[in-house]
Protein chains: 2
Amino acid sequence: MAIRPAEQLIHKAAWLYYAHGLRQDQVASQLNISRASVAMYLRKARETGIVNISTSTQLFTDDVLARKLEDALSLDAVWIAPENDHIADPSTEIAVLAASVFLELVKKGDRIGVAWGRTVYMIADVMSYADLQDVTVVQLCGNLGAPYSYRPDQCTMEIARRLNAKGLNFYAPLVLSTEELARALRAEPVIREQLSGVSECDLALYSVGAVDADSHLVKCGALTPNEMADLRSQGAAGVIAGQIIDAEGKVLGCGYNRRVISAELASLRAIARRLVVVQEDSKFEPLLAAIAGGLCTHLVVGAHMAQRLLDHAAATTEKAS
Amino acid sequence: MAIRPAEQLIHKAAWLYYAHGLRQDQVASQLNISRASVAMYLRKARETGIVNISTSTQLFTDDVLARKLEDALSLDAVWIAPENDHIADPSTEIAVLAASVFLELVKKGDRIGVAWGRTVYMIADVMSYADLQDVTVVQLCGNLGAPYSYRPDQCTMEIARRLNAKGLNFYAPLVLSTEELARALRAEPVIREQLSGVSECDLALYSVGAVDADSHLVKCGALTPNEMADLRSQGAAGVIAGQIIDAEGKVLGCGYNRRVISAELASLRAIARRLVVVQEDSKFEPLLAAIAGGLCTHLVVGAHMAQRLLDHAAATTEKAS
DNA sequence: TGCCCAGTTTGACTTTTGTCGAGAGCCGTG
DNA sequence: CACGGCTCTCGACAAAAGTCAAACTGGGCA
């Protein structure tokens, strides 16, 4: 009878089922199809964002700890993923929470900047689908040349796909071999335009990277372990959108940074809502740096990290007084 | 063991089930409660807006007819409820659609003006629950003195309850017996403030009333059938937020209108999004008046009414050319 | 034309979910 | 302190939803 199940039918089935509260067999008889087909359509409707099921993340901000952190670090909002007892995998828990928080922060018509990394990719991976056609997702930094699992463009596109949004990729390498070339490329109209468009974003999503041999920058060959160690001794404290920052959250004045094509930190700071998600406890120092540099307004972390941040803030205040 | 099931538990159950995709029995064993309890918590979570299930209403704007209407009447968006074949009750269908559309239009932080009537109340009644604490719902017009089924304050409060929002009621009668008293009451600071706050709304929801003996204004005793007929012969074309408007959508200069306490039409027009919902085919003329008066930017109607509006618009254009 | 393929549909089966009445803890009251 | 009234909880059953292999469909291709 029909070969294209026609988006139309999926819509109708979803409407009758979710908005009218009919049972699947009732929907089936209304539409003259079998109940099994209805079940399939409904799955598709959920997968494409025609229906949207979201759960409030309030539970995780209601926490006293979260409130204290907001105060201590002057952040707009903090979500804390529990890490106690029998939670299977705390880092997944953080990603799931972050995905929900992200969806809650997105508004229609938004322009969203997305960086890259394992964390961002995990978030994209567990994010549920939504239908936000007038949203644009832009890539905050250049691409990794080598084939690599969590490429910036993959992160951007996957999130855009989940949201049914438009994805704006950025076709330049993240790191070039000379400063001259990087400068020249940044001056290219296409690149220039994309970089200057970053500050017009309404929302940004990124994590922070650690300055060690496990960093993606080392794994993908942008830096050698030795260079990384060097940078560390020069004061490198973390990595944000491919750039090395110092403990105060400022761009570290180093050759590497001058070879990078990425959104300037000032542009990032111009974005009203900056959601930072950190999964690994080992990224304490980088996170502190990002917060110090005002690169974070909304934060999602695990309970353990939250406690460390709070202890640190308390110690700092005490010392100051 | 426990007497308060604690919102906390509902949250956790909802989180594990909807965000993590666990089965109810897995949630039950995580939380050490029976599966039956989990099922109950989940129902509560849906009922209180902790989880939100919404379906896209795009299907109803995608219609060619809807597009044509948007153009012909210069409206921002039109949704058309199908009325063909075996739909049980077209007016319920319109209310369900309107409720979804309304929820789709609400944004966090919004201030929403709500009028009254059977239609508005039906919408409130089928509206699903949401969790929008920073939303305020304000009543657009005074109350009916007599005990009556669809009172303005009921409409306002019910919608506020569904959204978990703050409801702002308006404790003045809709109609007073003398113009002097109405004028004096409007000058009262409390009332004055509420009325002037109307134009600060981001979204308004109302229907239109017909000028006949079936009008709520007659049923509740604010006007006699004879007075109504009189007004009709004076050019009354419809009722909006308790006020009589003429065919051009302007306030009719009549004694009755001067005795009414309600938001001025100019304030309504100052609201960016004005959602008008009409269920009855008999309200063709009042709806035309409302549209003519610029009181409508977003419209939800049945297919039949949509066709009539389009035919009328085409006829008018033809005559003009 | 006839065959194959990719995607859709279906009936039958299994798993998951909703619901109901009974039981149990809590509290104010007589 | 015994008593309903109240709400929460649980086990068991009934209802609904998910799944899978097999049948079917229409279109492209040799």
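Quick caveat, the model's predicted, so the values are computed rather than measured.
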Roughly, in whole Å, what's the span from [atom1] in [X] to [atom2] in [N]?
{"X": "B/L42", "N": "C/dT19", "atom1": "CG", "atom2": "P", "answer": "12 Å"}
{"X": "A/Q24", "N": "C/dG11", "atom1": "CD", "atom2": "P", "answer": "15 Å"}
{"X": "A/R35", "N": "D/dA17", "atom1": "CZ", "atom2": "P", "answer": "7 Å"}
{"X": "A/Y41", "N": "C/dG7", "atom1": "OH", "atom2": "P", "answer": "15 Å"}
{"X": "A/I10", "N": "C/dT8", "atom1": "CD1", "atom2": "C1'", "answer": "12 Å"}
{"X": "A/L16", "N": "D/dA17", "atom1": "CG", "atom2": "P", "answer": "13 Å"}
{"X": "B/L9", "N": "D/dT9", "atom1": "CG", "atom2": "P", "answer": "7 Å"}
{"X": "A/Y17", "N": "D/dA16", "atom1": "OH", "atom2": "P", "answer": "10 Å"}

request  = Check whether any side-chain N or O of A/K44 sits under 4.0 Å from OP1 or OP2 of C/dT8, and answer yes or no.
outcome  = yes
What's the closest nucleotide to the [X] side chain, out of [options]?
{"X": "A/S34", "options": "C/dT9, D/dC10, D/dT19", "result": "C/dT9"}
{"X": "B/M40", "options": "D/dA12, D/dT9, D/dG18", "result": "D/dT9"}
{"X": "A/A39", "options": "C/dG11, D/dG18, D/dA12", "result": "D/dG18"}
{"X": "B/I33", "options": "D/dT19, D/dC10, D/dC8", "result": "D/dC10"}
{"X": "A/R23", "options": "D/dC8, D/dA16, C/dG11", "result": "D/dA16"}

key: Distance-only side-chain donor-acceptor flag, A/R46 / A/Y41, under 3.5 Å   =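 Not at all, the side chains of A/R46 and A/Y41 share no donor-acceptor pair under 3.5 Å.
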ask   = Between A/E93 and B/W15, does any side-chain donor sit less than 3.5 Å from a side-chain acceptor?
value =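 Side chains of A/E93 and B/W15: pair found under 3.5 Å.
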key: B/N52, B/I50, B/V51 screened by side chain to side chain contact (heavy atoms under 4.5 Å, CB included) with B/Y18, the one that passes   = B/V51
key: A/D153 side chain near A/F170 side chain, heavy-atom distance below 4.5 Å   = no
message = Please check this pair: side chain of B/T156 against backbone of B/N169, looking for a donor-acceptor N/O pair closer than 3.5 Å.
response = no
